[in-house]
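First the proteins, then the strands, lettered A, B, ... as listed; each starts at 1.
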Amino acid sequence: MPNSNKTYIAELKNNVGRQVTLSGWLYNSRASGKIQFLIIRDGTGLCQCIVEKAKVADELFSRLKRLGQESSLTITGTVRADERSVGGYELTVTDAKIVSPTTDYPITPKSHGTDFLLKHRHLHLRSQRQWCIGKIRHTIIDAIRRFFNDNGFILIDTPIITATAGEDLQSLFEVDYFGSPLHLTQTGQLHVESAAMSFGKVYCFGPTFRAEKSKTRRHLTEFWMVEPEVAFIDLDGLLELAENFVSFIAADVLQNNKSQLETLGVDSATLEKIKPPFYRLTYTKVADILTGQKTRDFLAQQLEELKNQKQQLETKIAELEKQQTGQLKQWQKDKIAAELIELRSTLGEVDTRIENNPKHAKLAAEFQWGKDLGGSDETIISQMHDKPVFVTHYPKEAKAFYMKTDRDEEGVVLNFDLLAPAGFGEIIGGSVREDDYDLLLARIAEYGLDVENYRWYLDLRKYGSVPHGGFGLGVERTVAWLTAEKHIRQCIAFPRLMDKIYI
RNA sequence: UCCCCGAUAGCUCAACUGGUAGAGCGAGCGGCUGUUAACCGCUAGGUUGUAGGUUCGAGUCCUACUCGGGGAGCCA
């Protein structure tokens, strides 16, 4: 095996004119009598390899011709720049070695259903789309770590098995810990607060578990969350930190994943907009907006647009259905059929939105100060903006026990949610923490939590309490937002969904 | 937990009001020197999710169940 000059596809641009050897898998192939086009993937990209019958041994030519998708092989040839090729470079093949031939690879280059793909997730990870998302996820995670490391934050690894509940008690996964019931962490926040009193600026980054009965495109039961926590910080400081942080991530993706964004069909202009300052609204302001004329007009207009869109789709579908019955080549009929499936699914989505619009309008109009913002309310606010929006100062009844009440306005807490624009919704939740011992104790009791479990947490208010706060950013939601991926389950390699684990 | 939709070849989907289950992809064989989800010809591939029911006749209608998708509530 000529291994001495092994090259990765990503490095082809530096090797034009040279002979190189690639190792990878057969992604797709097209063949004719005397020429074959093999698309090879090697983890760094795709490369079209040209096999001409005249330039290789006959036996090799025919073996390559019947080589199945996802067979592994090493392939040697000369690098050429060529516009017609994926990635702009191709290989004129002189030799190849089949490492392991494959037959009947289940995932074809045609379309597949979600269930099928999730059942084959171990193989689906090789697909272009999953590969692009995986690369971007990697950039995001790397950016997260770098942002904090370069800004003086210390990484603290918080426990996964815990006795304290950070969020809602109903969404806990219980663990039988040598006979006593503990649970999987919902947040590292309480622990990371303790570390902030030692290091000043800290963050934790790990998996989080929530047994929410939420079967939506925005929920996983196991997801990754990064949670910075800072001593001596106020709400304004947190907002600034959060907007710089999110902007840094977006800029990093833009810089490192141009081609992946392009493959995914993401308009990079939307990412370029993600720059400070983000919009800042108080909860009370949001409540006014939701119940006001602006929202009524906005939703009415949206409904009009949706109805128009529906009509256009229906016209298009009718046209295609008519065409389909005419005299056409089989492949043309197939193309139309594929297009119809696509259009019908879009139509279904539009129908759902039309159906939901009045419900959302009603929910918004009847919004009562004091309630938490519903998903639809968030969506409305988020749709009204082209940049992320901070919503701050929620009523304390709607929020967690540890959030600090606004001393100027006792009914609200010093918290914030960050809503991603264009209807994407919440990606960050954060707050200034209650730092007064007595007030915190009262809140713990109010929430019906066992004070004994929170003794250590209360101690932080006893020994040198300081104003402090932090937030949590959901990694998969951020990935979904930045890649414009509709479903969060595509944003982690092996998703854990409510009641459903595939692999 | 609630509401809506669906289940037909390995995969993605067809089958008008109940009347002999059909394409493409994939697989196999053959053809084609620049293909881009290549194309063209041939071949194989099915107890229509499961269990009942209505009917002369059920993929199609009814009931239950199982599985899947979407939405609601809740959240990162």
So what does A:Lys399 hit on the nucleic acid, given a heavy-atom distance under 4.0 Å: a base, only sugar-phosphate, or nothing?
nothing

Rounding to the closest angstrom, what is the interatomic distance between B:A37 and B:A76 at atom P?
41 Å

Side chain of A:Gln48 only, please: which of B:C75, B:A27, B:G34 is the nearest?
B:G34

Quick check: closest heavy atoms across A:Ala480 and A:Phe424, and the distance to 0.1 Å?
CB-CZ, 3.6 Å

Can you tell which of B:G34, B:G73, B:A76 lies closest to the side chain of A:Ser376?
B:G73

What's the closest nucleotide to the A:His487 side chain, out of B:G69, B:G34, B:G70?
B:G70

Expressed as a whole number of Å, how far does the P atom of B:A51 sit from that of B:U66?
15 Å

Out of B:C75, B:A76, B:U33, which has the shortest distance to the side chain of A:Ile488?
B:A76

Base, sugar-phosphate or nothing for A:Gly425? Non-hydrogen atoms, less than 4.0 Å.
nothing

Is A:Glu305 paired with A:Lys310 through a side-chain N to carboxylate O contact shorter than 4.0 Å?
no

Is the phosphate of B:U35, meaning OP1 or OP2, less than 4.0 Å from a side-chain N or O of A:Asn28?
no

Options B:C75, B:C29, B:U33, nucleotide nearest the side-chain atoms of A:Ile35:
B:U33

Distance between C1' atoms of B:A15 and B:G24 (Å, rounded):
15 Å

What is the nucleic acid contact for A:Thr208, judged by heavy atoms within less than 4.0 Å: base, sugar-phosphate only, or nothing?
nothing

Heavy-atom nearest pair, A:Val93 first then A:Val56, reads O-CG1, 3.7 Å

Could you tell me how far apart A:Ile50 (CD1) and B:G34 (P) are, to the nearest whole angstrom?
11 Å

Quick one: which protein N/O atoms are closer than 3.5 Å to N/O atoms of nucleotides 7-11 of chain B? Pair and distance per line, please.
{"unit_1": "B:C11", "atom_1": "O2'", "unit_2": "A:Ser111", "atom_2": "O", "d": "3.3"}
{"unit_1": "B:C11", "atom_1": "O2'", "unit_2": "A:His112", "atom_2": "ND1", "d": "2.5"}

Using a 6.0 Å cut-off, check whether atom CD of A:Glu262 has over 12 heavy atoms from anything other than its own residue.
no

Please state the C1' separation for the pair B:U20 and B:A72 - nearest whole angstrom.
46 Å

Once you apply a heavy-atom cut-off of 4.0 Å, does A:Ala54 come out as touching a base, just sugar-phosphate, or nothing?
nothing

For residues A:Tyr203 and A:Glu227, is any side-chain donor paired with an opposing acceptor at under 3.5 Å?
no

Among the nucleotides B:G70, B:A72, B:C29, whichever has the atom closest to the side chain of A:His360 is B:A72

Go through B:C29, B:C32, B:A76 for me and flag the one nearest to the A:Ser32 side chain.
B:C32

Apply the side-chain hydrogen bond (donor to acceptor under 3.5 Å, both in side chains) test between A:His112 and each candidate in A:Thr114, A:Thr108, A:Asp115; give the one that qualifies.
A:Thr108

What nucleotide, of B:G68, B:U35, B:A76, holds the atom closest to the side chain of A:Asp115?
B:G68

Any base atoms under 4.0 Å from A:Leu220, or only sugar-phosphate, or nothing? Heavy atoms, all strands.
base

Residue mapping more 5' on RNA chain B - nearest nucleotide basis, A:Leu363 or A:Asp82
A:Asp82

Interatomic distance at P, B:A14 relative to B:C61, whole Å:
14 Å

With nearest nucleotides of RNA chain B determined for A:Thr92 and A:Tyr105 from heavy-atom distances, which residue corresponds to the more 5′ nucleotide?
A:Tyr105

Integer angstrom distance from the C1' of B:A7 to that of B:G49
6 Å

Let's see if you can work this out: which of B:U33, B:C74, B:A38 has an atom nearest to the side-chain heavy atoms of A:Lys34?
B:U33

Whole-Å distance separating the NZ atom of A:Lys53 from the P atom of B:G34:
15 Å

Taking only the side-chain nitrogens and oxygens of A:Arg218, find out if one of them lies under 4.0 Å from OP1 or OP2 of B:C74.
no

Does A:Arg353 reach a base, just sugar-phosphate, or nothing at all? Heavy atoms under 4.0 Å.
nothing

Does B:G71 have its OP1 or OP2 closer than 4.0 Å to a side-chain nitrogen or oxygen of A:Arg217?
yes

Take atom C1' in B:C75 and the same atom in B:C5, then report the distance between them in whole Å.
26 Å

Using the C1' atom in both, what is the distance from B:G46 to B:A9, to the nearest Å?
6 Å

Regarding B:G34, can its base be found pairing with the side chain of A:Glu90 as donor and acceptor, where the two atoms are less than 3.5 Å apart?
yes

Consider the side chain of A:Arg30, meaning its heavy atoms from C-beta on, and name the nucleotide among B:A37, B:G73, B:G69 that approaches it most closely.
B:A37

